[in-house]
Engineer: 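Got a structure here, written out as structure tokens. Questions coming.
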Amino acid sequence: MDLDIDAASATFREEVRQWLAGHVPRPGLPSMDTAAGFAAHREWEAELAAARLSVVSWPDSYGGRGASLLQWVLFEEEYYAAGAPGRVSQNGIFMLAPTLFSHGTQEQRDRILPPMARGEQVWAQAWSEPEAGSDIAALRSRAVRTDGGWLLSGQKTWSSRATFADRAFGLFRTDPDAQRHRGLTYFMFDLRGDGVTVRPIPQLDGEPGFAEIFLDEVFVPDADVIGEAGQGWRVAMTTANNERGLSLRSPGRFLAAADRLVALWREQGEPDAFADRVADAWIGARAYQLYTFDTVTRLSGGGELGPESSVNKLFWSHLDVGLHETALDLLGAEGEVSEAWVDGYLFSLAGPIYGGTDQIQRNTIAERLLGMPRDR
């Protein structure tokens, strides 16, 4: 792996650090899972875009800087270290956009990416269904061919950001007679269109971070199909591998949390009983950082993200839970009223579920990396 930071990347990192120091909102923004907070986060995305910092790795023509993968990793480290707001556009910029770069048409990229970068169009992911969660190939939502496009019908659930988002992306079954992983097609659709009903799902805190989406013969033009009809599973694997392997959970998130944990341990008088757990969390964050540098080196050399992304996803999911549990145990009874650590802990508990459960990741590792036989 290449651990050298070239002069241009070091200059870029310093620019990002200084810009964030002067622009990160203080105090922080309201929760993005409220109407007011969602609007405030959308405005923050526009502010980032005006500085060409919302999508630094994208080409200039789409609002980016053409930054290298290394520079993107450095940007993420500075972003989290500065305590900047969560990215309300993350479903679009970290999952849909890489899919469009790999499988979309030029027209789709030109139409979809610029407003995504500016926060004018915020995307929800419409993957899971009532009987198809991690086993997404079991989905039942369907799309039927019609003049000029398709009619989508069915139900999606646990759709992140769908309560306030503008559009969504997901898989639908276009050939009901095909085998499970075949006959699926990848669609983009309007969440405010005719035939679409969005029903918010309150979380533990009462805020609607998720929603159910009901579709009743929703028209989607051919221009909003990504890749070929019937080849949606192959396209979706690009989205999943990016989610699990690199873009959705950059090391910057865990480096910043680990540094906060070390600071908390020192504030508590450096109790010996927690020294090993704090050290393990700090080492884990650095190990993930090094793993990411290895991934960046491989991708920069022409490699691709593959099933090894499941190893990565398992690692950071449990790193996040363990780190926050250590913080709450350190605080003891005070942890009950520590909003930042409690919120972080509650969110971390979803890590072993979203993006594919631990069981799905372990099956992928066993079968596709270790060559073990399928469980029949």
Engineer: Quick one: list whatever passes ring pair (Phe, Tyr, Trp, His ring centres under 6.0 Å) with Trp233, sequence neighbours left out.
Structural biologist: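 Here the qualifying residues are His181.
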
Engineer: Tell me who clusters with Val220, hydrophobic residues only, linked when side chains sit under 4.5 Å apart either directly or through other members.
Structural biologist: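 Its cluster partners, ordered by chain and number, are Trp150, Leu152, Phe172, Phe187, Phe189, Leu191, Val196, Val198, Ile213, Leu215, Val218, Val225.
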
Engineer: Given the rule that I, L, V, M, F, W and Y join up when any side-chain heavy atoms are under 4.5 Å apart, are Leu290 and Trp72 in one cluster?
Structural biologist: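 Both belong to a single hydrophobic cluster.
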
Engineer: Return yes when atom CG of Asp272 has more than 12 non-hydrogen atoms of other residues, nucleotides or ligands closer than 6.0 Å, and no otherwise.
Structural biologist: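 Counting other residues, nucleotides and ligands, CG of Asp272 stays at 12 neighbours or fewer.
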
Engineer: Considering residues at least two apart in sequence or located in another chain, which fulfil the ring pair (Phe, Tyr, Trp, His ring centres under 6.0 Å) criterion with Phe38?
Structural biologist: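 Phe38 satisfies ring pair (Phe, Tyr, Trp, His ring centres under 6.0 Å) with Phe164 only.
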
Engineer: Does anything in residues 78-91 form a salt bridge (charged side-chain N to carboxylate O under 4.0 Å, His left out)? List the pairs, not counting sequence neighbours.
Structural biologist: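 Listed by first then second residue: Arg17-Glu78, Glu45-Arg87.
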
Engineer: Among residues two or more places apart or on two chains, list those pairs meeting salt bridge (charged side-chain N to carboxylate O under 4.0 Å, His left out) that have a residue in residues 149-162.
Structural biologist: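 Residue pairs with at least one partner in residues 149-162: Asp33-Arg161, Glu129-Lys156.
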
Engineer: Mind checking what makes ring pair (Phe, Tyr, Trp, His ring centres under 6.0 Å) contact with Trp58, not counting sequence neighbours?
Structural biologist: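 Once residues adjacent in sequence are excluded, the partners of Trp58 under the ring pair (Phe, Tyr, Trp, His ring centres under 6.0 Å) criterion are Phe101.
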
Engineer: Tell me which pairs pass salt bridge (charged side-chain N to carboxylate O under 4.0 Å, His left out) where either residue lies in residues 323-342, with sequence neighbours left out.
Structural biologist: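 Matches after skipping sequence neighbours: Arg277-Asp329.
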
Engineer: Just say parallel, tilted or perpendicular for the rings of His324 and Trp341, cut-offs at 30° and 60°.
Structural biologist: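 Ring orientation, 0 to 90° scale: perpendicular.
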
Engineer: Taking ring pair (Phe, Tyr, Trp, His ring centres under 6.0 Å) as the test, write out the residues that go with His23, two or more places apart.
Structural biologist: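 Residues passing ring pair (Phe, Tyr, Trp, His ring centres under 6.0 Å) with His23: Trp19.
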
Engineer: With sequence neighbours left out, which residue pairs that include part of residues 113-125 fulfil the salt bridge (charged side-chain N to carboxylate O under 4.0 Å, His left out) condition?
Structural biologist: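 Of all non-adjacent pairs touching residues 113-125, those that pass salt bridge (charged side-chain N to carboxylate O under 4.0 Å, His left out) are Arg118-Glu120.
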
Engineer: How long is the gap from CD on Gln121 to CG on Leu96, to the nearest 0.5 Å?
Structural biologist: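 Here the interatomic distance stands at 10.0 Å.
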
Engineer: Taking atom types as modelled and ignoring hydrogens, do the side chains of Asp320 and Tyr345 form a donor-acceptor contact shorter than 3.5 angstrom?
Structural biologist: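 Per modelled atom types, Asp320 and Tyr345 side chains form no pair under 3.5 Å.
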
Engineer: Please collect all side-chain hydrogen bond (donor to acceptor under 3.5 Å, both in side chains) contacts where either partner lies in residues 188-198, sequence neighbours excluded, each pair once.
Structural biologist: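 For residues 188-198: none.
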
Engineer: Not counting sequence neighbours, list each pair that qualifies as a side-chain hydrogen bond (donor to acceptor under 3.5 Å, both in side chains) and has a residue in residues 162-176.
Structural biologist: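 Residue pairs passing side-chain hydrogen bond (donor to acceptor under 3.5 Å, both in side chains), neighbours aside: Arg42-Asp166, Arg167-Asp224, Thr174-Thr185.
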
Engineer: Sequence neighbours left out, what pairs pass ring pair (Phe, Tyr, Trp, His ring centres under 6.0 Å) with at least one residue falling in residues 104-124?
Structural biologist: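 Not a single pair qualifies under ring pair (Phe, Tyr, Trp, His ring centres under 6.0 Å).
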
Engineer: Does Asp259 pair with Arg286 as a salt bridge, N-O distance under 4.0 Å?
Structural biologist: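 A salt bridge links Asp259 with Arg286.
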
